[in-house]
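Step one of this worksheet: look at the structure below.
From a predicted model like this one, the values you see are computed outputs, not experimental measurements. Values below: all heavy atoms of this structure, side chains included; hydrogens, waters and symmetry mates excluded. Every number for a ligand or one of its atoms is a count from 1 in the order of the listing. Starting from 1, each residue takes its place in the sequence as its number.
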Amino acid sequence: MSNRNARSIVPAVRWYRSFRQARLNHPGLQGTAAFWLQAEGSLTRHLQLRCRQHFHVEVANEGFSLPTRDEALTLGIPHRQRAWVREVRLCGDGAPWVLARTIIPLDTLSGRGRRLRHLGRVPLGAWLFSHREWSRGPLQAGLCREARPDEPHCARRSIFTSHDHSLLVGEYFLPELLAQPL
Ligand SMILES: C=C(O[C@@H]1C=C(C(=O)O)C=C[C@H]1O)C(=O)O
């Protein structure tokens, strides 16, 4: 399980290596949760197609800070090394549908990666999926600890890599999205 600093908008999660392993431990991971935890391609694109009016990104936190020990271990970077941390709400028709937390190591911010510090309301996926040198690794799935009714109950994360650069993207699905029929 990963702990969180006080300002983070995302809950602590117990991560599993895959959706299959998560469901073996939590058979209730079915229906819309199963769909979103495994949805391929850009999550932003999936959400944009689902909106009736508009999709937007609300930046909650963005700046240099320490990843959690679990995040640093997952990225293979020293725990005490700061990284660019971006936390956003992905909103459909004005309502938050997904919380996202992205950890970008310092060396990934060099060269063309400098742009990643200035995304603002531009969805990260729009940048990643438009630069073909970036590819997504396997999706992990997770169950959020102590999830209150209005908080995410399940999440997924994956590492994107380009040559020897990487970043970790975590996506936390809110009940407002999971309650919508597919
Ligand atoms: C990686 C993607 O980017 C999405 C947008 C994010 C952002 O703007 O910070 C973070 C996570 C993703 O859900 C995607 O669209 O798949």
Side-chain angles (χ1 to χ4, degrees), residues 2 4-5 7-13 15 18-19 22 32-51 54-65 67-68 70-71 74-75 82-106 108-109 112-142 144 151-163 165-178 180 182:
S2 52
R4 284 274 178 270
N5 62 38
R7 285 182 53 224
S8 176
I9 63 171
V10 301
V13 173
W15 294 107
S18 64
F19 170 75
T32 57
F35 171 79
W36 289 109
L37 287 170
Q38 303 175 91
E40 297 193 359
S42 168
L43 181 63
T44 298
R45 192 73 197 116
H46 280 285
L47 298 177
Q48 287 171 330
L49 292 172
R50 180 169 289 274
C51 289
H54 69 289
F55 169 86
H56 76 279
V57 176
E58 190 181 284
V59 179
N61 299 311
E62 202 171 31
F64 288 108
S65 66
T68 65
D70 169 62
E71 291 166 338
T74 303
L75 278 165
R82 295 190 316 152
W84 186 257
V85 180
R86 171 181 166 90
E87 294 192 336
V88 301
R89 296 180 184 88
L90 305 180
C91 303
D93 302 330
W97 284 355
V98 177
L99 306 181
R101 175 177 165 92
T102 302
I103 311 297
I104 308 175
L106 297 179
T108 301
L109 293 170
R112 292 171 75 177
R114 285 195 309 272
R115 176 85 176 85
L116 292 168
R117 281 184 53 193
H118 307 287
L119 285 173
R121 297 168 73 99
V122 172
L124 172 66
W127 193 88
L128 287 172
F129 287 93
S130 63
H131 289 78
R132 305 182 65 79
E133 68 272 21
W134 283 93
S135 60
R136 170 176 249 158
L139 280 165
Q140 291 183 342
C144 305
E151 286 187 326
H153 291 238
C154 61
R156 70 184 198 173
R157 71 179 181 181
S158 56
I159 291 182
F160 283 79
T161 51
S162 163
H163 307 301
H165 289 164
S166 63
L167 54 87
L168 175 64
V169 177
E171 296 153 324
Y172 304 72
F173 298 100
L174 288 162
E176 172 92 16
L177 176 64
L178 298 187
Q180 293 181 27
L182 291 175

Rounding to 0.5 Å, atoms CG (Leu116) and CG (Leu109) come to a distance of 6.5 Å
Where do Cys144 and Cys154 come nearest, in terms of heavy atoms and distance? SG-N, 3.7 Å
Does the N or O separation between Phe129 and ligand 1 drop below 3.5 Å for any pair? no
Per-atom contacts of ligand 1 with Leu90, taking only distances under 4.0 Å to non-hydrogen atoms: 13 (O)
Glu171 and Val98: which non-hydrogen atoms are nearest, and at how many Å? CB-CG1, 4.1 Å
Nearest 0.5 Å, please: how far is CZ in Phe160 from NE2 in His131? 13.5 Å
Please state whether Val98 comes within less than 4.0 angstrom of ligand 1, counting heavy atoms only. no
Ala100 heavy atoms within 4.0 Å reach ligand 1 at atoms 10 (C), 11 (C)
Purely on distance, is any nitrogen or oxygen of Arg86 under 3.5 Å from one on ligand 1? yes
Is the count of non-hydrogen atoms from other residues, nucleotides or ligands lying under 6.0 Å from Glu133 atom CD greater than 12? yes
Of all the non-hydrogen atoms in the protein, which one sits nearest to atom 2 (C) of ligand 1, and at what distance? Gly125 CA, 3.3 Å
Let me see the working for Arg89 and Glu176 under salt bridge (charged side-chain N to carboxylate O under 4.0 Å, His left out), right down to the final yes or no. CA-CA 12 Å; Arg89 296 180 184 88; Glu176 172 92 16; over 6 Å; no
Side chains of Arg157 and Thr74: donor-acceptor distance under 3.5 Å anywhere? yes
Before signing off on this row, confirm whether Val88 and ligand 1 have an N or O atom pair separated by under 3.5 Å. no
Nearest protein heavy atom with distance in Å, relative to atom 16 (O) of ligand 1: Leu43 N, 2.8 Å
Which residue and non-hydrogen atom of the protein lie closest to atom 15 (O) of ligand 1, and at what distance in Å? Thr44 OG1, 2.6 Å
Can you tell me how far the NE2 atom of His153 sits from the CG atom of Leu178, to the nearest 0.5 Å? 8.0 Å
What atoms of ligand 1 come closer than 4.0 angstrom to any heavy atom of Leu124? 3 (O), 5 (C), 6 (C), 7 (C), 8 (O), 9 (O)
Say whether Gly41, considering both its backbone and side-chain N or O atoms, lies within less than 3.5 Å of an N or O atom on ligand 1. no
For Arg86 and Leu124, which heavy atoms make the closest approach, and how far apart are they? NH2-N, 4.2 Å
Applying a heavy-atom cut-off of 4.0 Å, say which part of Arg45 lies close to ligand 1: side chain, backbone, both or neither. neither
Mark up the atoms of ligand 1 that fall under 4.0 Å of a heavy atom belonging to Pro123, in ascending order. 8 (O)
Interfacing atoms of ligand 1 (cut-off 4.0 Å, heavy-atom, Glu171): 11 (C), 12 (C), 13 (O), 16 (O)
Taking 4.0 Å as the limit for heavy-atom contacts, which would you say applies to Val169 with ligand 1: side chain only, backbone only, both, or neither? side chain
What distance do Leu119 atom CG and Trp127 atom CH2 have between them, rounded to the nearest 0.5 Å? 8.0 Å
